[in-house]
Amino acid sequence: MKKSLLDKIIVNLDGQRFLLRGRTCEPLVNLDDVKGNKWVIADFRGSPSFLMAVESPPRYAELMAHRQLQERGEVGQNDKIITHWKQRRGSTLTEIFLTSVPREAFTSFLDYAKADLSHHLIFPLNALLYDVLSRTPRKKTVAVLFDHDRHVDIVFGQAGRVIANTRISTHSSDPAEKGNNMAEALAEELRSMASTGRVRLEEIVYFNWLLAEDSGGGGGGGSGDGLTFGTGGDATMATWGPGMQGSEDDKTFSSTSLTGKSTGHSSQLANTLMAADWVRKLAETLDVKCNILKPQRFDLPDNRILVTSLPEVLSQLDHARAANPALELYQYSASRNIKWALLAFWLLIAGFLVAMLWWNRGSSRLETEVRALESKDIVVNAPPPLEESRVEAVNFNKKLANLLDMPSPRAVMVEINNSIRGECHFKTVLFEYDPAKIPIITLTGRIGGGFEVAKGNYHEFTNNLRGLGYRVLDEDLTTNVQQIDFMVKLMRDDTKPKSFVVLIQSEDGTTGKVRISNQAGAQELAKAGQAVGMDNEDAKPTLPYQMDSQEIKSVFGKVMEAKPAAPVNFIFYFKEGSTTLTDASKAQLPDILGVIVKRTAPNVKIVGHTDRAGSNDVNWKLALDRANIVRDLVVEIGVAKESIETTSHGEGNPLIKTADGVAEPKNRRVEITVQ
């Protein structure tokens, strides 16, 4: 906590209440006398604290601890549990350090806060002890002692871990005897805590809250120059005798006065209280370091002196350790930080304005430069045209560059020669390059040695080329008994375009023609399996090349399989004037229904017809009845009724045209279309 927040600290301890204002202290009767934000340090009428291990995960530890303490009769049913520390030990065990406070004692402070609408933070006494412990170096075992009235409260452990806690009290009215008793009892207790926790005590941290009555050198219940313990109201006052005199070093402690000038005797008394010799004696007995937090002296009315190091503890206390509800803690944090939030907001606004000014200044400068340029006459001279001889040189260089980028004919010829088998003689070798620079090689020649030998050598020659990565685009063979004259057109398979169009054969065995064109040119596909590449939209489609059926299937197989089957049509014929199938149609019925049921998701359309015998109305109804008869047969084999469409054409759509009144067997029918 910042020093500026120490202006309103209320200490409600040992039955008395005081208000600390910076470096002054005064008794306080009512909390209503203090307006605005304040912090309250309270012992809640001596509410006990407990260190427990409960069989529960951390989120339910408070509930289980309260239940156990209630069963043992140590707390009331409505007491409020204030947790200072808890830690999981294993999957179901939690250690917890808490204070049990009577609910009415806790809510009374909240009621005071609501009365003046201020933020009122409440800290149990043990929250201070744990806060001091948590600020010690990690892994260092420390005993935190808080000395007040006739009691010393103890929290023993390490930062982030409480090992033990207790309170040692004395009923002795003699200060020297109290100090000796405390030193002896605490030494034994601290040894026991260290042994139980299997640790070694390294340091004692001591702070206090001691009220003493200055007897003026002769009052009270002691000797003429001494002081004795007595009680005033609910609190115990300490009067100290010569046996507890402080050292010369003790007199260097700073002191403050509410009433102004202090007497020499009271100064000696305050220095004696500040010395805490018995704590040093305790540290020497245990052979540990002694850290006495810096105390301050406050002169109170009625010749009383308060010596306390509580302000030193509070200077670093975090408001998050308060026992208030979470919403009140958030409100308090917001109220303390609102000025910094406003400062950040205004700094952001100021930065934004500065950025806008800088941007406007830059924009104005740029606009001025643009206007200056616009006012000038800018003349752009076109480059002079090239001379005709230079144009020819440029075009030649372009062609030469394209030629250098093309695959080497020498390498291709080496591969072709290595593939020759038997008596093979080439007549011509023609290299062509399409716009994508793909080489097309056309070979003509003859293979001798007799027809059978020549045929075998030719197939071995082309197979060798395929093995080297060539694709046969086209071939033409002329044979006789002695030799084979051939023409074969090849392309390197590794130059196959990534985007291409292929022409496939229709189901009826026919093949049409497809013209593929772009802005650079066109190619025509007329044979099944022919393809052209279209990788570059700025270049003419490649020359047609042949794709075999396996390659087409590997590329387009899934698309071809997904294509729906072609529709099929069936006709059922009926006897004259009835809904009875003819004998021939009855014989075909199982085969036709078998075709329908094999369709994955058939869509069936059924149309009923009649001949022209009879009236139109009667024929329309008869045709619909015939269609419904067939529909029922299709439903019986498992086709959903919703996927069947049934209509009647009556006599209006005859298969064989006749005059009215003529009975034609071919017109007495039902047509089925399955898709």
Task: F156 CZ to R161 CZ distance, which is reported to the nearest 0.5 Å - done: 9.5 Å
Task: Side-chain touch Q158/V199, heavy atoms, less than 4.5 angstrom - done: yes
TODO: With rounding to the nearest 0.5 Å, note down the distance linking CD1 in I82 to CG in L125.
DONE: 11.5 Å
Open item on the list: I want to check something: taking the side chain as every heavy atom from C-beta on, are L300 and E26 in contact at a cut-off of under 4.5 Å?
Closed with: no
Open item on the list: The test is salt bridge (charged side-chain N to carboxylate O under 4.0 Å, His left out); show your working for D299 and R297 and say whether it passes.
Closed with: CA-CA 7 Å; D299 289 341; R297 166 190 169 168; 2.7 Å; yes
Open item on the list: If I take atom CG from residue L20 and atom NZ from residue K38, how far apart are they, to the nearest 0.5 angstrom?
Closed with: 15.0 Å
Task: Side-chain donor-acceptor contact under 3.5 Å, N12 with R17 - done: yes
Task: Validation row: S169, M182 side chains within 4.5 angstrom (heavy atoms) - done: no
Open item on the list: Within the 4.5 Å heavy-atom criterion, are L293 and V313 side-chain neighbours or not?
Closed with: yes
- [ ] Tell me whether the centres of the aromatic rings in W209 and F146 are closer together than 6.0 Å.
- [x] no
TODO: Among I96, V162, V54, L98, find the residue that satisfies the side-chain contact (heavy atoms from CB on, under 4.5 Å) test when tested with K86.
DONE: I96
Open item on the list: Quick check for you: to the nearest 0.5 Å, what is the distance between I204 atom CD1 and N291 atom CG?
Closed with: 10.5 Å
Task: Evaluation steps, side chain to side chain contact (heavy atoms under 4.5 Å, CB included), between V144 and I154 - done: CA-CA 6 Å; V144 180; I154 308 168; over 6 Å; no
- [ ] Applying side chain to side chain contact (heavy atoms under 4.5 Å, CB included), run through K289 and E202 and close with a yes or a no.
- [x] CA-CA 6 Å; K289 181 180 177 182; E202 301 174 68; over 6 Å; no
- [ ] Could you tell me whether the side chain of W85 and the main chain of G160 form a donor-acceptor pair under 3.5 Å?
- [x] yes
Open item on the list: Could you walk me through whether T368 and L366 satisfy the side chain to side chain contact (heavy atoms under 4.5 Å, CB included) test, starting with their C-alpha distance in whole Å, then the side-chain angles of each, then the deciding distance to 0.1 Å, before giving a yes or no?
Closed with: CA-CA 5 Å; T368 302; L366 182 60; over 6 Å; no
- [ ] Compare every heavy atom of F50 with every heavy atom of V75, then report the nearest pair and how far apart it is.
- [x] CG1-CE1, 4.1 Å
Task: Donor-acceptor under 3.5 Å (D79 side chain, G76 main chain) - done: yes
Open item on the list: Is there a side-chain contact between L314 and L128 in this structure, where contact means two heavy atoms from C-beta onward sitting under 4.5 Å apart?
Closed with: yes
Task: Minimum side-chain heavy-atom gap C25-L19 below 4.5 Å - done: no
Open item on the list: For T136, is there any backbone N or O sitting under 3.5 Å from a side-chain donor or acceptor partner on K140?
Closed with: no
Open item on the list: Quick check against the 3.5 Å criterion: does T170 have a side-chain atom that pairs as donor or acceptor with the backbone of R150?
Closed with: no
TODO: Answer whether the closest heavy-atom distance between the side chains of F97 and V155 falls below 4.5 Å.
DONE: yes
Open item on the list: Is it the case that over 12 heavy atoms from other parts of the model lie below 6.0 angstrom from the CZ atom of R67?
Closed with: no
Open item on the list: As a quick check of understanding, evaluate side chain to side chain contact (heavy atoms under 4.5 Å, CB included) for E203 and V205, giving each step before the final call.
Closed with: CA-CA 7 Å; E203 183 178 355; V205 180; 3.9 Å; yes
Open item on the list: Is it the case that the side chains of H84 and D131 hold a donor-acceptor pair, with the cut-off being a distance below 3.5 Å and no angle test?
Closed with: no
Open item on the list: With side-chain contact (heavy atoms from CB on, under 4.5 Å) as the test, pick out the partner of L211 among I305, D149, L13, L306.
Closed with: L306
TODO: Kindly compute the distance separating CZ (F18) from CG (L28), expressed to the nearest 0.5 Å.
DONE: 10.0 Å
Task: Heavy-atom donor-acceptor pair, T196 side chain to M193 backbone, under 3.5 Å - done: no
Open item on the list: Under a 3.5 Å cutoff, is there a donor and acceptor pairing between the side chains of R135 and Q316?
Closed with: yes
TODO: Apply the test salt bridge (charged side-chain N to carboxylate O under 4.0 Å, His left out) to residues R89 and E95: give CA-CA distance (whole Å), side-chain angles for both, the deciding distance (0.1 Å), then the verdict.
DONE: CA-CA 7 Å; R89 298 293 185 192; E95 289 184 347; 3.4 Å; yes
- [ ] Indicate yes or no for a side-chain donor-acceptor contact from S195 to the backbone of R191 under 3.5 Å, with no hydrogens or angles considered.
- [x] no
Open item on the list: Using every non-hydrogen atom in the two residues, find where S47 and S100 come nearest and quote the distance to one decimal.
Closed with: CB-O, 3.1 Å
Task: Test item: N324 side-chain N/O and I122 main-chain N/O as donor-acceptor pair under 3.5 Å - done: yes
Task: CG/N360: more than 12 non-hydrogen atoms of other groups inside 6.0 Å - done: yes
Task: Side-chain H-bond candidate by donor/acceptor type, H148 with D14, under 3.5 Å - done: yes
Task: Sidechain-backbone polar pair: T94 side chain, S56 backbone, donor-acceptor under 3.5 Å - done: yes
Open item on the list: If only side-chain N and O atoms count, and only distance matters, is there a donor-acceptor pair under 3.5 Å linking R72 with Q70?
Closed with: no
Open item on the list: Any side-chain to backbone donor/acceptor pair from R361 onto S364? Under 3.5 Å, distance only.
Closed with: no
- [ ] Starting at CG of N78, measure out to NZ of K80 and round the result to the nearest 0.5 Å.
- [x] 12.5 Å
Open item on the list: Counting C-beta onward and ignoring hydrogens, is there a side-chain heavy-atom pair between F207 and V132 closer than 4.5 Å?
Closed with: yes
- [ ] Say whether, by atom type as modelled, one donor and one acceptor occur between the side chain of S192 and the main chain of E188 under 3.5 angstrom.
- [x] no
Open item on the list: Testing the 3.5 Å rule here: is there a donor-acceptor pair between the side chains of D147 and Y206?
Closed with: yes
